[in-house]
Amino acid sequence: MSLNKATISVLFSQSSAMLYGGGFLIFVPLNLSAIEQGFWFLLMALGAMSRLADMGFLQLVLTYSGHAKVGSERHQREVAFFTAQWRNKVLFGVFPLIFIVGIGIISLREFELIIMLSWAWYIIALAILFYLNYFLAIIEGSGGITFSHYSRGSVYILASILTALVLNYSHSLIALPLGIFIAVLIVLFWVLKTKSSYFLVGKKNLQETALLKVEFIQLFKKTSMSWTGGYLGTHAIVPLVYVFLGPISSGLAGMTLNVFLALQNFSNVFLVSIIPTITGHIATKSQWLAREILLRGLFKSLGVFIFVVTTFSLLVYLYPSNIISERIFHDENLIFLSVGFGLQIVITSIAIYIRAHKKEPFALMSLVTSILGVLVLLITLNSNFSNWVFLGFFISSLLALIWSVKILFNWRQAFE
C-alpha cells in the first residue's frame, strides 16, 4: 500500500466531510431562519459529544491494530476481542447519557417537539456511525487505509446529498438526523458484506486479554482526559453561546466554527493519512523515518491551511452581503480561529508521533488548556466583548502549543 494511494483516499474522506459540513453553509441559511440555524448548529455541537463516547477509543483501536499487524495472529484476535467488548460498553452506556445531557441543555431555552425528536434521531445515527467507525479503525490499522477512508467518505457524500434533498423539501431540522442516519446504514451494510471477517469475534478466555486490558485501560484513562479537553475547547463553545446569548448567536458561532473545522479537516489530510505509516515505523523501531515522514506531512498541512483560510477570509471581506458572510461572526473572531486552528495542526502532529508509541502525555495539558478556554469564553460572554466568542479558543490553543512542545522535548529526553 503506497503512501500516495493512502493520501488520495484520506483526501477523499476529508473532502467528503468538508462537503457534508460545507453544504450546510449554503443550504441552512437558504432554507432555515436565523433562529432555526441556531438550533441546527446547536444539535451538531451537542452531537459532537460523541467525541466523549469515543474518548480517543477509536484512535487506540487503530494504534493497537497497527501494532498487532506486526505481531502474532493470536495478538490480533486478542485486540479484536477486547476492543469489541469495550465498544459495546460505550454504545449502551455512554450514548444514552449524551442524549439526556443534550435534552437538559436544549430545555434551558426551548422545548419544541421537533427539536427533541431531531436530537433523539441524531444520537441514534451517531451511535451507529461510532459502531461503523470501530470496524473501519481495525481495518485501517490492519493495512486497509484506502478502504477505510473511502468508506468514511462515502458516508459523508451520501449524507450530504440526502440532507440537502430533505432540507430543501422540508425546511426543517429533521433533515439533519435523517440524512446521516440513512447514509450510515447504507455504508454499514456494504462494509458488513465486503469485510465480514472483521465482524466475527469468537469467545476467548478472559485471562488471554488480561495484560492487554491493563495496558489499554491505563492508556485510555489518559486519552479520555485529552479528548474531554478537546471537546470542551472546541465544541462546547456553541452550547455555551446558546445558553448565554440565545439561538441566533449560537447559529452565528456554529456556522463560523464549522467553516474552520471543515478547512482544518481538509488541510489535515497530509497528517491523518500517515498515522498508520507512522505507527508501523514506530512499531518496527524506525523512529528517524517516522519523524521525517511526519515533518513532511506537517509542512504540507500547514501550507494548505494557510492558503484556504486566506482565500476564505478574502471572500468574506470582498462579498460582505453574501448569504454565508451574513450568517457568521467577523473581524477578530476570524483572526482568533485562523491562528488557533493553525496552532492546533502543529499540536496534532506532535500528538501523532508520541501516541504512535502507545503513550499519552497530553491528558492534563488538554484538560487544563480547554478549561481555561471555557473560562475565558464565560468571561467574554458576560462582558462588553461578548461577540469575541473565539478568544478563549485562541488563548487555549496558544497555551496548548507551548505545553505540547515542552512535552515533546521532555518525552524525547526520557524515552529516546
Side-chain angles (χ1 to χ4, degrees), residues 21-22 24-25 28 34-35 37-54 98 101-102 104-106 108-110 119 122 126 176 226-265 309 312 316 324 327-345 347-348 365-401:
F24 298 150
L25 305 180
V28 168
I35 293 179
Q37 174 182 306
F39 284 113
W40 180 282
F41 287 109
L42 173 65
L43 293 187
M44 291 191 68
L46 292 175
M49 281 192 290
S50 59
R51 289 171 59 92
L52 304 183
D54 183 338
I98 292 175
V101 172
I105 293 175
I106 296 170
L108 290 175
R109 280 187 173 267
E110 191 60 71
W119 171 236
Y122 192 41
L126 292 177
L176 175 60
S226 179
W227 280 65
T228 300
Y231 176 83
L232 292 174
T234 304
H235 296 286
I237 295 174
V238 176
L240 286 174
V241 173
Y242 168 78
V243 170
F244 283 89
L245 301 181
I248 292 181
S249 293
S250 70
L252 295 173
M255 195 160 189
T256 312
L257 184 62
N258 273 271
V259 168
F260 279 85
L261 283 171
L263 296 179
Q264 185 203 36
N265 289 336
V309 166
F312 172 75
V316 167
I324 296 177
R327 292 287 185 93
I328 65 172
F329 281 116
H330 295 85
D331 304 322
E332 293 86 357
N333 282 298
L334 294 184
I335 298 175
F336 296 150
L337 285 175
S338 299
V339 178
F341 274 113
L343 298 178
Q344 288 291 334
I345 291 176
I347 296 169
T348 297
M365 177 275 290
S366 179
L367 197 58
V368 171
T369 56
S370 296
I371 290 175
L372 174 63
V374 169
L375 291 176
V376 173
L377 173 60
L378 290 173
I379 293 172
T380 57
L381 290 176
N382 290 279
S383 70
N384 293 330
F385 300 95
S386 58
N387 285 333
W388 288 15
V389 297
F390 297 111
L391 174 62
F393 174 77
F394 164 72
I395 293 176
S396 173
S397 299
L398 180 59
L399 178 59
L401 176 64

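Treat the numbers as computed from the prediction; the structure is a model and nothing was measured. Both backbone and side-chain heavy atoms feed into the values below; hydrogens, waters and symmetry mates do not.
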> For Y242 and F41, what are the C-alpha separation, side-chain angles and deciding distance, and is it a ring-ring contact (aromatic ring centres under 6.0 Å, His included)?
Replying inline: CA-CA 10 Å; Y242 168 78; F41 287 109; over 10 Å; no
> For the residue pair P247 and F39, what are the closest heavy atoms and their distance?
Replying inline: CB-CE1, 4.1 Å
>> The test is side chain to side chain contact (heavy atoms under 4.5 Å, CB included); show your working for T234 and L261 and say whether it passes.
In response: CA-CA 9 Å; T234 304; L261 283 171; 4.2 Å; yes
>> Please report the interatomic distance OG1(T256) to NE2(H330), rounded to the nearest 0.5 Å.
In response: 8.0 Å
> Between I395 and V376, which heavy-atom pair has the shortest distance, and what is it?
Replying inline: CD1-CG1, 4.1 Å
>> Pair I106, L43 - check side chain to side chain contact (heavy atoms under 4.5 Å, CB included), show working.
In response: CA-CA 9 Å; I106 296 170; L43 293 187; 3.7 Å; yes
>> How long is the straight-line distance from CD1 of I328 back to CZ of F312, given to the nearest 0.5 Å?
In response: 4.0 Å
> How are the rings of F336 and W388 set to each other: parallel, tilted or perpendicular (split at 30° and 60°)?
Replying inline: perpendicular
> What do the steps show when you test M49 against V101 for side chain to side chain contact (heavy atoms under 4.5 Å, CB included), and what is the final call?
Replying inline: CA-CA 9 Å; M49 281 192 290; V101 172; 4.0 Å; yes
> Around atom CG of N384, are there more than 12 heavy atoms of other residues, nucleotides or ligands at under 6.0 Å?
Replying inline: no
> Between atom CE of M44 and atom CG of L257, what is the distance when rounded to the nearest 0.5 Å?
Replying inline: 9.5 Å
>> Minimum heavy-atom separation for P239 and I105, please, with both atom names.
In response: CB-CG2, 4.4 Å
>> Testing the basics here: between A34 and R327, what is the closest heavy-atom pair and its distance to 0.1 Å?
In response: N-NH2, 3.8 Å
> Got a second to check how far L42's CG is from Q37's CD, nearest 0.5 Å?
Replying inline: 12.0 Å
>> So which atom in S397 and which in Q344 form the shortest heavy-atom distance, rounded to 0.1 Å?
In response: OG-NE2, 3.0 Å
> From F390 CZ over to E332 CD, what is the distance, rounded to the nearest 0.5 angstrom?
Replying inline: 13.0 Å
> Less than 6.0 Å separating the ring centroids of F393 and F341?
Replying inline: yes
> Any side-chain heavy-atom pair from F385 and I379 closer than 4.5 angstrom?
Replying inline: no
>> Between S338 (side chain only) and I335 (backbone N and O only), is there a donor and an acceptor less than 3.5 Å apart?
In response: no
> Only one of L391, L343, T369 clears side chain to side chain contact (heavy atoms under 4.5 Å, CB included) with S396; which?
Replying inline: T369
> Is a donor on one side and an acceptor on the other found under 3.5 Å between the side chain of T380 and the backbone of L377?
Replying inline: yes
>> Within this structure, what is the CD1-CD1 distance for the pair I248 and I35, rounded to the nearest 0.5 Å?
In response: 4.5 Å
>> Pair L378, F244 - check side chain to side chain contact (heavy atoms under 4.5 Å, CB included), show working.
In response: CA-CA 9 Å; L378 290 173; F244 283 89; 3.5 Å; yes
> For the residue pair L126 and G47, what are the closest heavy atoms and their distance?
Replying inline: CD1-O, 3.3 Å
